[in-house]
Structure formats: structure tokens, C-alpha cells
Amino acid sequence: MFDATPYVFGGIAAMCAEMVTFPIDTAKVRLQLQGQAGSTVWVQGRYRGTVHCLACMVREEGVTGVYKGLSPALLRQAVYGTIKFGLYYSAKELLAKRSGHKQESGLVNLGCAVFAGSVSSAIATPTDVIKVRMQSKSTESLGGLYTVARDIYTVEGVRGLWRGVCPTAQRSALVAGVQLPVYDLTKSRLCCGPSALMRDGVVCHFLSSLVAGFSAALASNPVDVVRTRLMVQRRCARLAGEGKTTVYSSAIHCGLHTVRTEGFSALFKGFVPSFARMGPWNVIFFVVYEKLKRLQI
């Protein structure tokens with residue numbers, strides 16, 4: 001019988017984590033966009049760091065400014081989080097039953113995570129595009145989720161809603177491929193087997209999710225920078241005027257142009273807020289997910 005609980009619990013836990021950490025995600029997007037040599041909108045690096053960025057947003061746009069794009073973000077997690085975590089845990093369980101092995105395989109976990117991450121993010125890309133554009137202040141005159149989506153569809157067509165789908169899927173495959181197996185591995189080393197260091201509880205889940213969050217943030221940041229810039233560029237080009245902004249033709253073009261004009265370190269712009277968000281995000285997600293699992297609904 002099909003077990004829907006990993007999907008439902010994954011979606012609920014992901015939405016809880018997203019609501020709490022969303023302001024840091026907005027700061028990360030702004031930091032990743034600034035300093036682009038080919039953009040008149042984001043050419044200046046006005047934010048000195050995560051705290052300064054958040055302080056500027058609150059001062060200039062109010063508290064609601066740090067929550068711009070929350071509605072598509074929650075919709076994204078309802079789709080992406082539900083499919084990603086549901087697919088991962090159900091695929092793991094299915095393969096374990098088929099193989100007859102009780103011991104988890106790191107390679108199998110990696111394969112399941114990459115598959116779940118890439119498929120779920122490709123499906124949820126439109127909500128990600130809307131979220132990033134709202135966070136970048138490029139849609140202020142348009143309104144909310146529906147009007148932004150309609151504007152993208154009207155001006156750029158269906159392809160506009162899937163702008164940056166390749167780096168988005170690649171990033172999600174990287175994040176899931178590191179985050180989920182690292183969490184499972186760390187958790188098993190800390191609280192499973194004869195050499196367990198602690199019991200299977202909140203402390204174990206906290207430490208495991210923190211390690212998973214740091215590993216995922218480090219691995220995915222370069223792809224995340226490229227993805228963010230690809231998603232915003234069309235709207236920024238329209239605001240700046242024709243010919244005044246470099247329009248990237250692909251993820252590779254964007255990555256190479258970023259390194260050439262801003263240096264290799266530009267690929268790690270926004271790493272501090274990325275980890276500052278991904279660390280707590282993982283902690284909240286996995287603690288909530290583990291608690292939901294114990295409800296045995």
C-alpha cells in the first residue's frame with residue numbers, strides 16, 4: 001500500500017522551516033545579485049553583509065520588505081518539499097525492500113536524493129522564479145504572486161516561468177545529494193549501533209541537520225549564484241532599458257562572465273546568509289519531520 005506520510009510530513013516541515021528562515025533567504029538573494037558588471041540595476045555593491053542587508057531592507061522597505069516573495073516560497077515548498085522528501089524516503093524504503101539489505105547504502109541514498117531533488121525542483125521552478133523576482137525588488141509595481149506570474153507569462157511566455165530550470169535542478173540535486181545522505185549518515189553515526197554517542201532525540205537531530213546544512217550550502221552556492229542571476233536578468237533588462245544589461249545566454253555563460261568580471265569568489269557571494277538560512281532551515285525541518293514521524297498517524 002502506498003505510504004503518503006513522507007510526502008505530507010515533508011511538505012509540512014518544509015513550509016514551517018521556510019516561514020522562519022525566509023528573511024535570511026531574501027538577504028542572500030540581494031547579496032548574490034549585487035556587483036554584476038553587466039547590470040545597471042545591480043552594478044553597485046551597496047550591502048556590506050547579511051546583517052547590513054537586512055537592516056537596510058527594514059529601514060527602507062519596512063518589516064514586510066524582508067518577506068517579499070513569501071507566498072510563492074510557501075507554494076514552492078508545498079510542491080518542492082512534498083515531492084523531494086517524499087520521493088527520497090519512499091524510494092529508499094522501496095529499494096531496501098527490493099534488495100533485502102537492512103544496512104543503508106550511501107550510494108543508494110545519494111542516487112535517491114539526487115533524483116528526488118532534481119525532479120521536484122524542475123516541477124516547482126515557476127514558483128522559484130516568482131519568489132526570486134519579488135525578493136529582488138524588480139516586481140514592485142506588479143503586486144502579488146498572481147500578477148507577477150501573469151506578467152512573466154505575458155512578456156516571456158511559458159519559457160519565462162521555467163527560466164533557469166537547468167541550474168535550479170542542478171542546485172537542488174546538489175543540495176539534496178549532500179543534505180539528505182549527510183543527515184542520515186551523521187545521525188546513524190551519532191545515535192545508532194553499538195558505538196552510539198547519544199540517544200536518538202532532538203540533540204542528535206539538531207547536530208545532524210547542522211552538519212547537513214553546512215555541507216549543502218558549501219556545495220551548492222556557486223550554482224545558486226548562477227541560478228539567481230538567470231532568474232532575475234530578463235526583468236532587470238526591461239527595467240534598465242535595451243542593451244544596457246548583459247543578458248546571459250546560458251548557465252555556463254553566466255558562470256564564466258561572473259568569474260571573469262568579478263573573480264572566482266563571486267560564486268560564493270551570499271554564502272554566509274545561505275548557511276545562516278540553510279543551517280536553521282535544516283534544523284527546523286528535520287526536528288519537525290522527526291516529531292511528525294513519531295505521531296504515527
Side-chain angles (χ1 to χ4, degrees), residues 6-7 9-11 13-14 16-18 20-21 24-25 28 77 80-96 99 101-121 167-193 195-225 227 267-268 270-293:
Y7 294 86
F9 292 167
C16 290
E18 191 72 15
V20 175
T21 61
I24 305 172
D25 187 51
K28 180 203 72 172
Q77 289 301 338
Y80 169 69
T82 299
I83 298 172
K84 171 184 167 182
F85 295 105
L87 264 183
Y88 174 69
Y89 287 112
S90 55
K92 253 196 355 171
E93 189 178 337
L94 179 65
L95 289 173
S99 64
H101 294 139
K102 291 184 178 179
Q103 186 73 26
E104 285 193 0
S105 164
L107 194 61
V108 170
N109 289 357
L110 176 63
C112 291
V114 169
F115 171 71
S118 55
V119 170
S120 57
S121 66
T168 299
Q170 289 163 1
R171 175 190 177 274
S172 294
L174 268 172
V175 169
V178 174
Q179 172 199 46
L180 298 173
V182 167
Y183 175 81
D184 286 341
L185 178 64
T186 308
K187 181 184 168 186
S188 67
R189 292 291 173 87
L190 287 175
C191 60
C192 297
S195 58
L197 300 174
M198 59 184 69
R199 66 183 184 83
D200 186 358
V202 174
V203 176
C204 176
H205 303 155
F206 174 82
L207 293 174
S208 302
S209 54
L210 209 56
V211 173
F214 179 80
S215 305
L218 188 65
S220 66
N221 209 88
V223 183
D224 197 26
V225 171
R227 175 192 74 106
L267 293 175
F268 288 90
F271 174 75
V272 172
S274 181
F275 173 61
R277 173 184 177 267
M278 204 172 282
W281 196 101
N282 275 272
V283 170
I284 295 165
F285 172 83
F286 283 111
V287 169
V288 171
Y289 185 83
E290 296 284 357
K291 290 294 182 185
L292 288 172
K293 273 199 327 185

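All values derive from a computational prediction rather than experimental measurement.
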Distance-minimising heavy-atom pair for [X] and [Y]:
X: Ala176; Y: Pro181; answer: O-CD, 3.2 Å
X: Ser90; Y: Gly86; answer: OG-O, 2.5 Å
X: Ala169; Y: Ser121; answer: CA-OG, 3.2 Å
X: Leu190; Y: Ser208; answer: CD1-OG, 3.8 Å
X: Ala216; Y: Val175; answer: CB-O, 4.0 Å
X: Gly81; Y: Ala14; answer: CA-CB, 4.1 Å

I need the [X] [atom1] to [Y] [atom2] distance, nearest 0.5 Å.
X: Asn282; Y: Arg277; atom1: CG; atom2: CZ; answer: 9.0 Å
X: Ser120; Y: Phe115; atom1: OG; atom2: CZ; answer: 9.5 Å
X: Leu87; Y: Lys92; atom1: CG; atom2: NZ; answer: 13.5 Å
X: Gln170; Y: Ser220; atom1: CD; atom2: OG; answer: 12.0 Å
X: Glu18; Y: Tyr80; atom1: CD; atom2: OH; answer: 10.0 Å
X: Phe9; Y: Phe285; atom1: CZ; atom2: CZ; answer: 11.5 Å

task = Take Asn109 and Leu180, measure what side-chain contact (heavy atoms from CB on, under 4.5 Å) needs, and give me the verdict at the end.
result = CA-CA 8 Å; Asn109 289 357; Leu180 298 173; over 6 Å; no

Quick one, [X] and [Y] - any side-chain contact, counting heavy atoms below 4.5 Å?
X: Arg189; Y: Val211; answer: no
X: Asp184; Y: Tyr88; answer: yes
X: Pro280; Y: Val20; answer: no

request  = With sequence neighbours left out, write down each residue that passes salt bridge (charged side-chain N to carboxylate O under 4.0 Å, His left out) with Arg171, or none if nothing qualifies.
outcome  =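 Here the qualifying residues are Asp224.
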
task = Apply the test side-chain contact (heavy atoms from CB on, under 4.5 Å) to residues Thr186 and Leu207: give CA-CA distance (whole Å), side-chain angles for both, the deciding distance (0.1 Å), then the verdict.
result = CA-CA 8 Å; Thr186 308; Leu207 293 174; 5.8 Å; no

task = Compute the ring centroids of Tyr89 and Tyr289, then answer whether they are less than 6.0 Å apart.
result =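 Between Tyr289 and Tyr89, which both carry aromatic rings, the centre distance is below 6.0 Å.
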
Can you list, pair by pair, the side-chain donor-acceptor contacts under 3.5 Å of residues 196-206, counting residues two or more places apart and other chains?
{"unit_1": "Asp200", "atom_1": "OD1", "unit_2": "His205", "atom_2": "NE2", "d": "2.7"}
{"unit_1": "His205", "atom_1": "ND1", "unit_2": "Gly201", "atom_2": "O", "d": "3.2"}

ask   = Donor-acceptor pair, Ser188 side chain versus Leu185 backbone, under 3.5 Å?
value =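 A pair under 3.5 Å: yes.
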
inquiry  = Let's go through Lys28 and Met278 carefully: what are the C-alpha distance in whole Å and the side-chain angles of both, what is the deciding distance for side-chain contact (heavy atoms from CB on, under 4.5 Å) to 0.1 Å, and is it a yes or a no?
reply    = CA-CA 11 Å; Lys28 180 203 72 172; Met278 204 172 282; over 6 Å; no

request  = Let me see the working for Leu218 and Phe271 under side-chain contact (heavy atoms from CB on, under 4.5 Å), right down to the final yes or no.
outcome  = CA-CA 7 Å; Leu218 188 65; Phe271 174 75; 4.1 Å; yes

task = Apply side chain to side chain contact (heavy atoms under 4.5 Å, CB included) to Thr82 and list each qualifying residue two or more places apart in sequence or on a separate chain.
result = Tyr7

